[in-house]
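Note that the numbering runs from 1 along the sequence shown for the chain. Excluded from the calculations below are hydrogen atoms, water molecules and symmetry mates; all remaining heavy atoms, backbone and side chain alike, are included.
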Amino acid sequence: MIPWVQLDSAKTPDGAQELRLKRRGSEFSIMLGTNELMNSRLSGSEEALAKLSCDRIAGHRQPRILIGGLGMGFTLRAALAELGNDAQIVVAELVPAVVAWARGPMAEIFGGSLDDPRVTIQETDVGQLIRSQPAAWDAILLDVDNGPEGIVHKSNDALYSLQGLGAARSALKPGGVLAVWSQGPDSGFTRRLKQAGFTVEEVNTRANGKRGARHVIWIAANGSRS
């Protein structure tokens, strides 16, 4: 069996933990301690996050999409495949090393998506972008940490609080959607989405097609377009 080789490491934003990029043959893994945050062989649920969101905003002219978390680019590439040439996608990634890995050792699996003219990468907190641009986005896709119950960066909790969800709703255009990926179900989060004024659909999906771990995607709609 081919052994895993560590290619690089980077501190989490709070400096308390370490992300590690590993490779085994053509397979990549990003680890936090003993937890595998993502693996290049398991992309199904992240791709579903993009496809479900883009389905909900089909027909929107010149759609603007905000993706929180670059990861291994699964959500970004799926969104590019779904959207037309008039779309704009902004990806907010808080850890600069993740962007460097995407342009460096993982460039092959990104397939040139970072150079697509529709894409802008911002090394910043997605929460800041959400709070700074009201009624700006047709869709906000959050693939940040492990979902509402984060393990990487505690400040991510603010994204999923009632106040954070209210900010996300204010940042959406009428008829826009907030889509949230999670490692597992969270009934409390579903309640908060509804309390924030969203119409909520909870979708169960798998990490790899019909196989792999079961993940959850919330599709939260911001009412009708005017």
Side-chain angles (χ1 to χ4, degrees), residues 45-71 75-76 78-79 82-84 86-94 120 122 124-205 214-226:
S45 59
E46 289 88 350
E47 291 168 353
L49 176 69
K51 292 176 181 177
L52 289 166
S53 304
C54 292
D55 284 347
R56 300 309 190 277
I57 62 168
H60 288 213
R61 295 183 59 191
Q62 298 181 324
R64 296 189 73 222
I65 314 300
L66 174 61
I67 298 176
L70 177 61
T75 301
L76 171 60
E82 295 289 324
L83 296 168
D86 63 341
Q88 297 178 39
I89 302 177
V90 174
V91 182
E93 173 53 58
L94 191 56
T120 301
Q122 295 196 21
T124 188
D125 179 0
V126 67
Q128 291 182 358
L129 286 182
I130 288 172
R131 293 188 295 271
S132 66
Q133 299 188 36
W137 308 100
D138 293 271
I140 298 173
L141 284 58
L142 296 181
D143 184 6
V144 176
D145 211 326
N146 265 20
E149 183 135 356
I151 60 173
V152 175
H153 189 34
K154 291 304 291 181
S155 72
N156 288 333
D157 291 348
L159 286 172
Y160 305 116
S161 68
L162 186 58
Q163 183 178 8
L165 296 175
R169 187 164 181 248
S170 296
L172 288 168
K173 299 176 184 178
V177 296
L178 169 67
V180 179
W181 181 95
S182 176
Q183 188 178 41
D186 187 330
S187 58
F189 183 63
T190 302
R191 287 194 298 272
R192 288 199 301 278
L193 283 168
K194 293 177 179 177
Q195 289 171 347
F198 287 106
T199 301
V200 183
E201 179 184 358
E202 190 172 327
V203 180
N204 294 303
T205 185
R214 296 179 183 274
H215 297 150
V216 176
I217 296 169
W218 287 272
I219 303 293
N222 184 32
S224 302
R225 300 183 73 186
S226 57

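- Gln195 CD to Thr190 OG1: the interatomic distance, rounded to the nearest 0.5 Å, is 11.0 Å.
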side-chain contact (heavy atoms from CB on, under 4.5 Å) between Trp181 and Thr75, intermediate numbers included: CA-CA 10 Å; Trp181 181 95; Thr75 301; over 6 Å; no

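- A side-chain contact (heavy atoms from CB on, under 4.5 Å) with Leu178 holds for exactly one of Val200, Leu172, Leu66, Asn222; it is Leu172.
- For the atom pair CG of Leu193 and CD of Glu202, the computed distance is 9.0 Å after rounding to the nearest 0.5 Å.
- The distance from the CZ atom of Arg192 to the CG atom of Leu162 is 8.0 Å, given to the nearest 0.5 Å.
- When all heavy atoms of Ala50 and Ala79 are compared, the pair lying nearest together is CB-N, 3.6 Å.
- Annotation: side chain of Ile130 is not in contact with side chain of Trp137 (no heavy-atom distance under 4.5 Å).
- Scanning all heavy atoms of the two residues, the minimum distance from Leu129 to Ser132 falls at O-OG, 3.1 Å.
- Residue Ala167 comes nearest to Arg131 through the heavy atom pair CB-CG, 4.3 Å, listed as atom of the first residue, atom of the second, then distance.
- Closest non-hydrogen pair, Arg169 versus Ala196, comes out as CD-O, 3.2 Å.
- Atoms CD and CG, on Glu47 and Leu52 in that order, are 11.5 Å from each other to the nearest 0.5 Å.
- Other residues, nucleotides and ligands contribute at most 12 non-hydrogen atoms within 6.0 Å of the CD atom of Gln163.
- Taken from CG in Asp138 to CD in Gln88, the straight-line distance is 10.0 Å, to the nearest 0.5 Å.
- Residues Val216 and Asn204 have side chains in contact (heavy-atom distance under 4.5 Å, counting atoms from C-beta outward).
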Glu201 vs Arg56, side-chain contact (heavy atoms from CB on, under 4.5 Å): CA-CA, chis, key distance, verdict: CA-CA 11 Å; Glu201 179 184 358; Arg56 300 309 190 277; 2.7 Å; yes

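- Here the shortest heavy-atom pairing between Pro63 and Ile57 reads CB-CD1, 4.2 Å.
- A distance of 8.0 Å separates CD1 in Ile217 from CD in Glu46, rounded to the nearest 0.5 Å.
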Set out, in order, the CA-CA distance, both residues' side-chain angles and the distance that settles side-chain contact (heavy atoms from CB on, under 4.5 Å) for Asp55 and Glu82, then state yes or no. CA-CA 8 Å; Asp55 284 347; Glu82 295 289 324; 4.2 Å; yes

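- Contact detail for Tyr160 and Leu142: the closest heavy-atom pair is CE2-CD1, 4.0 Å.
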